[in-house]
Student: 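Take this structure, written in structure tokens, and hold onto it; I'll ask about it next.
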Amino acid sequence: VLTAHNGCLQFEVEVRGRMAHAAIPDSGRDALQAAVALLNALYARNDAYRAVHSKVAGISHPYLNVGWIEGGTNTNVVPGKVIFRLDRRLIPEENIDLVEAEIRDTIAQAASALVDISVDVRRILRANPLKPLPGNRPLVDALKRHASTLLGEAIEDSGTPLYADARLFGEAGIPAVLYGAGPRT
């Protein structure tokens, strides 16, 4: 019985340099090397996120993941463009606008040190976290009671690091509960 879930922001980051032949690399600007600088800055945020803890049982801390990277044209060519997509999970206590500003600022600061490199950031997903809302107790208690009877064991309520459409009810002020979502572990 889930009363809260993480939020999620996803971005596509395009890093553009100037393609060049590997025999004369100084005639170009390596977009992959520039992307690595951005990725290092972003992943450094994960260390800080581990120090932030949610008060919702079942949800630990915020985190960031880069799950897709594409770039370059051939082994002997300095990459002129690299695109990567990142996923930032928010705990219920975080403000999605502040988190988005932090991600954009981290990228902008890292990009400001790069010469002849341009960076575009496009948000591709914005999903608020579901926060436990007052008024959900009757439903939570009924689900726990019936699930305990059916499964023969005590069922607890908690949050989950997943995100789901339940957030839409929460955003509208409607108490929401997820039941059976995600792995039972």
Student: Hey, are Glu102 and Arg45 close enough for a salt bridge, meaning a charged N less than 4.0 Å from a carboxylate O?
Tutor: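 So Glu102 pairs with Arg45 through a salt bridge.
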Student: Determine whether Leu133 and Phe169 make a side-chain contact, defined as any pair of heavy atoms from C-beta on separated by less than 4.5 Å.
Tutor: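 Leu133 vs Phe169: side chains apart.
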Student: I would like to know whether Arg123 and Arg104 meet side-chain contact (heavy atoms from CB on, under 4.5 Å); could you show each step before the answer?
Tutor: CA-CA 10 Å; Arg123 180 176 17 112; Arg104 289 181 179 276; 3.9 Å; yes
Student: Check Arg122 with Asp120, please: is the shortest side-chain N to carboxylate O separation under 4.0 Å?
Tutor: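 Answer for the salt bridge query: no.
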Student: Determine, stepwise, if the pair Val82 / Ile69 fulfils side-chain contact (heavy atoms from CB on, under 4.5 Å).
Tutor: CA-CA 7 Å; Val82 171; Ile69 300 174; 4.0 Å; yes
Student: Take a 6.0 Å sphere around NZ of Lys81 and say whether it holds more than 12 heavy atoms from other residues, nucleotides or ligands.
Tutor: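 No, the 6.0 Å shell around NZ holds no more than 12 heavy atoms from other groups.
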Student: Using the rule given for side-chain contact (heavy atoms from CB on, under 4.5 Å), can you reason through Asn95 versus Val99, listing the C-alpha separation, both sets of side-chain angles and the distance that settles it, and then say yes or no?
Tutor: CA-CA 6 Å; Asn95 177 299; Val99 171; 6.0 Å; no
Student: Is there a path from Val66 to Ile83 through hydrophobic residues (I, L, V, M, F, W, Y) whose side chains come within less than 4.5 Å of each other?
Tutor: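 No, it is not one cluster - the side chains of Val66 and Ile83 are not joined through contacts under 4.5 Å.
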Student: Strictly distance-based, threshold 3.5 Å: is any side-chain N or O of Asp30 a donor or acceptor partner for the main-chain N or O of Gln33?
Tutor: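 Indeed, once roles are kept as given, a pair shorter than 3.5 Å links the two residues.
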Student: Determine the minimum heavy-atom distance between Pro175 and Pro134, stating which atoms define it.
Tutor: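 For Pro175 versus Pro134, the nearest heavy atoms are CG-O, 3.4 Å.
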Student: Could you check whether any side-chain heavy atom of Val177 comes within less than 4.5 Å of a side-chain heavy atom of Leu2, counting everything from C-beta outward?
Tutor: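 No; the side chains remain at least 4.5 Å from each other.
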Student: Answer whether the closest heavy-atom distance between the side chains of Asp47 and Arg50 falls below 4.5 Å.
Tutor: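 Yes, close enough: below the 4.5 Å cut-off.
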Student: Could you check Glu94, Arg88, His61 and say which one makes a side-chain hydrogen bond (donor to acceptor under 3.5 Å, both in side chains) with Tyr49?
Tutor: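 Output: one option passes, namely Arg88.
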Student: Look at the side-chain heavy atoms of Ile, Leu, Val, Met, Phe, Trp and Tyr, link any pair under 4.5 Å apart, and say whether Leu32 and Tyr43 land in one connected group.
Tutor: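 Yes, one cluster joins them.
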Student: Do NZ/NE/NH1/NH2 and the carboxylate oxygens of Arg126 and Glu100 come within less than 4.0 Å?
Tutor: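 Glu100 and Arg126: salt-bridged.
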Student: Once rounded to the nearest 0.5 Å, what's the spacing between atom CG of Leu39 and atom CG of Leu86?
Tutor: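 That separation rounds to 8.5 Å.
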Student: Do the side chains of Pro129 and Asn6 get nearer than 4.5 Å, heavy atoms only?
Tutor: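 Counting from C-beta outward, Asn6 and Pro129 never come under 4.5 Å.
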Student: Please report the closest heavy-atom contact between Ala110 and Ala41, naming both atoms and the distance.
Tutor: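 For Ala110 and Ala41, the tightest heavy-atom pair comes out as CB-CB, 3.8 Å.
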Student: I need the minimum non-hydrogen distance between Pro92 and Val56, along with the two atoms involved.
Tutor: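 Closest heavy-atom pair between Pro92 and Val56: CG-CG2, 4.1 Å.
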Student: Determine the sole option in Leu90, Leu125, Ile103 for which the side chain to side chain contact (heavy atoms under 4.5 Å, CB included) test with Leu9 is passed.
Tutor: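 Only one option passes, and that is Leu90.
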Student: Is Arg85 salt-bridged to Asp87, cutoff N-O under 4.0 Å?
Tutor: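 Salt bridge absent between Arg85 and Asp87.
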Student: Are Tyr63 and Ile107 linked, directly or through intermediate hydrophobic residues, by side-chain heavy-atom contacts shorter than 4.5 Å (ILVMFWY only)?
Tutor: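 No; Tyr63 is not reachable from Ile107 via cluster members.
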Student: CG of Asn74 to NE2 of His21: how many Å apart, nearest 0.5 Å?
Tutor: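 Asn74 atom CG to His21 atom NE2 measures 8.5 Å (nearest 0.5 Å).
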Student: Please round to the nearest 0.5 Å and tell me the distance separating atom CG of Leu130 and atom CG of Leu162.
Tutor: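 Result: 12.0 Å between the selected atoms.
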Student: Would Val77 end up clustered with Ile24 when hydrophobic side chains under 4.5 Å apart are linked, directly or stepwise?
Tutor: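 In one cluster: no.
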Student: Between Ala34 and Leu114, which heavy-atom pair has the shortest distance, and what is it?
Tutor: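 Reported closest heavy-atom pair: CB-CD1, 3.7 Å.
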Student: With rounding to the nearest 0.5 Å, note down the distance linking CG in Leu139 to CG in Asp157.
Tutor: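 Output value for this atom pair is 11.0 Å.
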Student: Looking at every heavy atom in both Tyr163 and Ala127, which two are closest together, and how far apart are they?
Tutor: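 Looks like CD1-CB, 3.8 Å.
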Student: Assigning hydrophobic clusters by single linkage (Ile, Leu, Val, Met, Phe, Trp, Tyr; side-chain heavy-atom cutoff under 4.5 Å), is Ile96 placed with Val121?
Tutor: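 Result: yes, single cluster for both.
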Student: Looking at OG of Ser27 and CE of Met19, how far apart are the two atoms once the value is rounded to the nearest 0.5 Å?
Tutor: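 The distance works out to 11.0 Å.
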Student: For side-chain contact (heavy atoms from CB on, under 4.5 Å), just list the numbers for Val52 and Ile91, CA-CA rounded to whole Å, side-chain angles, deciding distance to a tenth of an Å, and then say yes or no.
Tutor: CA-CA 9 Å; Val52 176; Ile91 60 175; 3.8 Å; yes
Student: Any idea which heavy atoms bring Glu93 and Ser54 closest together, and the distance?
Tutor: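 Reported closest heavy-atom pair: OE1-OG, 3.0 Å.
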Student: From Arg89 CZ over to Ser60 OG, what is the distance, rounded to the nearest 0.5 angstrom?
Tutor: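 Between Arg89 CZ and Ser60 OG, I get 12.0 Å after rounding to 0.5 Å.
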